[in-house]
Amino acid sequence: MGITDIKKDGRVEFVGGIRGVNYLIKRCHEDCKAAFVMFPVSMEEIFAVADAGEIMPPKSTWFEPKLGSGFVVNVFEDALGLTE
């Protein structure tokens, strides 16, 4: 495929798992040459990579659904007594 840098190659696109396999099949019939579906990374694998001082590939630690950032920020502010 001639891809040397997945971060910079405009032909490489990340599609979140929430869209499902049928979306990838549809895209392959429309405008893509190939699609790859990966198994989720386990927590043990993430810890092993971190313990080895390595980094995970882009988007390999993607998870859904996302929490609203306001929820997390408000919890920290409340815990630190920063709210008025």
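What you are looking at is a predicted structure, and each value in this text was computed from that prediction instead of being measured.
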In sequence, state the C-alpha distance, the side-chain angles, and the governing distance for Ile25 and His29, and then conclude on side chain to side chain contact (heavy atoms under 4.5 Å, CB included). CA-CA 6 Å; Ile25 293 169; His29 289 291; 3.7 Å; yes
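For Arg19, the salt bridge (Lys or Arg N to Asp or Glu O under 4.0 Å) criterion is met by no residue, not counting sequence neighbours.
Clustering ILVMFWY residues whenever any of their side-chain heavy atoms sit less than 4.5 angstrom apart, transitively, puts Phe14 in a cluster other than the one holding Met38. Grouping the Ile, Leu, Val, Met, Phe, Trp and Tyr side chains by contacts below 4.5 angstrom, directly or via other members, places Val21 apart from Phe36.
Sparse packing is recorded around CD1 of Ile55, with 12 or fewer heavy atoms of other residues, nucleotides or ligands lying under 6.0 Å away.
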Only distances under 3.5 Å count here; give the side-chain donor-acceptor pairs of residues 44-54 to other protein atoms, sequence neighbours excluded, each with its distance to 0.1 Å.
from  : atom 1 : to    : atom 2 : distance (Å)
Glu45 : OE1    : Ser42 : N      : 2.8
Glu45 : OE1    : Ser42 : OG     : 3.3

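Put simply, the side chain of Arg27 never gets that close to the backbone of Ala35: no donor and acceptor are under 3.5 Å apart.
Scanning both residues, Met1 and Ala34, for their nearest heavy atoms gives CE-CB, 3.9 Å.
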